[in-house]
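Remarks on the structure that follows.
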Amino acid sequence: MTKTSQSPSAASLLAWYDRHHRDLPWRVSPPMAARGVTPDPYHIWLSEVMLQQTTVPAVKAYFAKFLERWPTVGDLSAAPTDDVMAAWAGLGYYARARNLKKCAEAVAADHGGRFPDTEDGLRALPGIGDYTAAAVAAIAFNRQAAVMDGNVERVISRLYAISTPLPAGKPLMKQKVALLTPADRPGDFAQAMMDLGATICTPKRPVCSLCPFNNACVALALHDPEHFPVKAAKKDKPVRQGAAFVAVNGEGEIYLRRRIASGLLGGMTEVPTTGWTARIDGETGTDAAPFPADWQAAGTVTHVFTHFELRLSIYRAQVASGSNRNDGWWEPVTNLEAQALPTVMKKAITQAIPRAFIKASA
DNA sequence: TATGCGTGGTC
DNA sequence: TGACCAAGCAT
């Protein structure tokens, strides 16, 4: 029978973290904490929301931009929602931006501008779920909260060789995390678990030789850490198609409109498009074009969303300056960077106007 | 509990 | 190179 030599302990992980923690813009590292620096709950919350299903490298620039523009949660609460959406453009999962703004408003209006300092209090705010509530409570407020994200699920499932597939196995994993979470330095413990999952206990080819839990890990003792976590089978991704219309007038302006506030790309800016359907019969035509014009086929764009692949036929037209419709507006092509354009729309515009997002050089 | 919701990086 | 994946939330 395969055995491990000892039980995992928070102390061994924290000792590892003290040596190997990463310096991140929103993080108060152990050396900083030793100098008396304390985490700013606004910074912790903002980073945690941005990091939901999003990589650290992608978040860094957005985090800096948001802090420069809105230094406090009060500043963010007072910002126009359109400005927040435009600043979030490109980061994805745009409901996060809508809820970010709502959450800031709630903190300003209902909590005197200070974040609640308990897991339950945080959990009640828009855009804050189980993970983020626990993470902010632990990291910003030193609460003994069990923090479990995808990294922690991987670490725990391997440490205890939990074979129950996700998401069904989540409650058991959460229980294990809670038992392991220390009263002292719970925030560092949470960050250490996530760092461990991100750098050592990786999905492929984990570096078990460097892991502080390698003498306690059951999956390693079984010689099969990559087998965990077990996940439910995924569904296949359907293909949808549609057409997008890029109209440019004599003033060098492009016709844009706002998507409805909910659902896919909710509240974001778009060029006019047809519906995106599962049909593959090629009937995307120009019937749905915003203006009668000499629409020219300008190629296609493919974009992969979480649950479907979209193939857009791009049409371009030069139209008279007087052309108008009441569902959108004309925007100078030179000002597109300031718009709340999701990546798929930037792709569509670039297909029609290759230089649209190239900054004019001096 | 299952589904809808973006994007970019990795191998 | 396409499949997988990343500090999840709302409904």
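Just the heavy atoms: all of them, side chains too, but no hydrogens, waters or symmetry mates, feed the values below. Numbers restart at 1 for each chain; the letters A, B, ... are given by sequence-line order, proteins then strands.
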Contact under 4.0 Å: [X] side-chain N or O vs [N] OP1/OP2:
X        : N     : answer
A:Thr343 : B:dT7 : yes
A:Gln53  : C:dA6 : no
A:Tyr94  : B:dT7 : yes

Among [options], the one nearest [X] by side-chain distance:
X        : options              : value
A:Asn99  : B:dT7, B:dC5, C:dA10 : C:dA10
A:Gln52  : C:dA6, B:dT7, C:dC9  : C:dC9
A:Arg123 : B:dG8, C:dA10, B:dC5 : C:dA10
A:Leu264 : C:dA6, B:dC5, C:dG8  : B:dC5
A:Val344 : C:dC4, B:dT7, C:dG8  : B:dT7
A:Thr132 : B:dC5, C:dG8, C:dA10 : C:dG8

* Does the side-chain hydrogen bond (donor to acceptor under 3.5 Å, both in side chains) test come out yes or no for A:Arg258 and A:Thr269, once each step is laid out? -> CA-CA 5 Å; A:Arg258 181 83 58 204; A:Thr269 300; 2.7 Å; yes
Select base, sugar-phosphate, or nothing to describe what [X] touches, counting heavy atoms under 4.0 Å on all strands.
X        : result
A:Trp26  : base
A:Gly266 : nothing
A:Leu265 : sugar-phosphate
A:Pro126 : sugar-phosphate
A:Leu24  : base

Find the distance [X]:[atom1] to [N]:[atom2] and express it as a whole number of Å.
X        : N     : atom1 : atom2 : answer
A:Asp236 : B:dT3 : CG    : P     : 12 Å
A:His307 : C:dG8 : NE2   : P     : 19 Å
A:Arg96  : B:dT7 : CZ    : P     : 11 Å
A:Lys235 : B:dG4 : NZ    : C1'   : 11 Å
A:Lys237 : C:dC5 : NZ    : P     : 12 Å
A:Asp130 : C:dG8 : CG    : C1'   : 10 Å
A:Phe63  : C:dA6 : CZ    : P     : 22 Å
A:Arg98  : C:dC9 : CZ    : C1'   : 11 Å

* To do: For A:His303 and for A:Arg205, find the nucleotide of DNA chain B with the closest heavy atom, then tell me which residue's nucleotide is more 5'.
  => A:His303
* On DNA chain B, check which nucleotide each of A:Pro57 and A:Phe308 is closest to and give me the residue with the more 5' one. => A:Phe308
* **Any donor-acceptor N/O pair under 3.5 Å between B:dG8 base and A:Thr54 side chain** => no
* Counting only distance, no hydrogens or angles, is the base of B:dG6 paired donor-acceptor with the side chain of A:Thr306 under 3.5 Å? ->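 Indeed there is one.
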* Asked: Can A:Lys237 and A:Glu309 be counted as an ion pair, charged N to O under 4.0 angstrom?
  ->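 Salt bridge between A:Lys237 and A:Glu309, a charged N being under 4.0 Å from a carboxylate O: no.
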* To do: Please check if the side chain of A:Lys101 supplies one atom and the backbone of A:Ala79 the other of a donor-acceptor pair under 3.5 Å.
  =>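 Yes: the side chain of A:Lys101 pairs with the backbone of A:Ala79.
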* To do: Can you tell me, in whole Å, how much space there is between the P of B:dG8 and that of C:dC9?
  => 22 Å
* **Audit row: A:Gln339, A:Ile349, side chain to side chain contact (heavy atoms under 4.5 Å, CB included) steps and yes/no** => CA-CA 13 Å; A:Gln339 305 305 304; A:Ile349 293 169; over 6 Å; no
* Structure fact -> Comparing nearest nucleotides in DNA chain C, the 5'-proximal residue of the pair A:Gly127, A:Glu48 is A:Glu48
* Report the C-alpha distance between A:Glu48 and A:Ile139 in whole Å, list the side-chain angles of each, state the deciding distance to 0.1 Å, and finish with yes or no for side chain to side chain contact (heavy atoms under 4.5 Å, CB included). => CA-CA 10 Å; A:Glu48 289 299 345; A:Ile139 298 169; 3.6 Å; yes
* Would A:Arg96 and A:Thr54 count as having a side-chain donor-acceptor pair, cut-off 3.5 Å? ->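 A:Thr54 and A:Arg96 do have a side-chain donor-acceptor pair below 3.5 Å.
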* Where A:Met268 and A:Ala340 come nearest, the two heavy atoms and their spacing -> CE-O, 3.3 Å
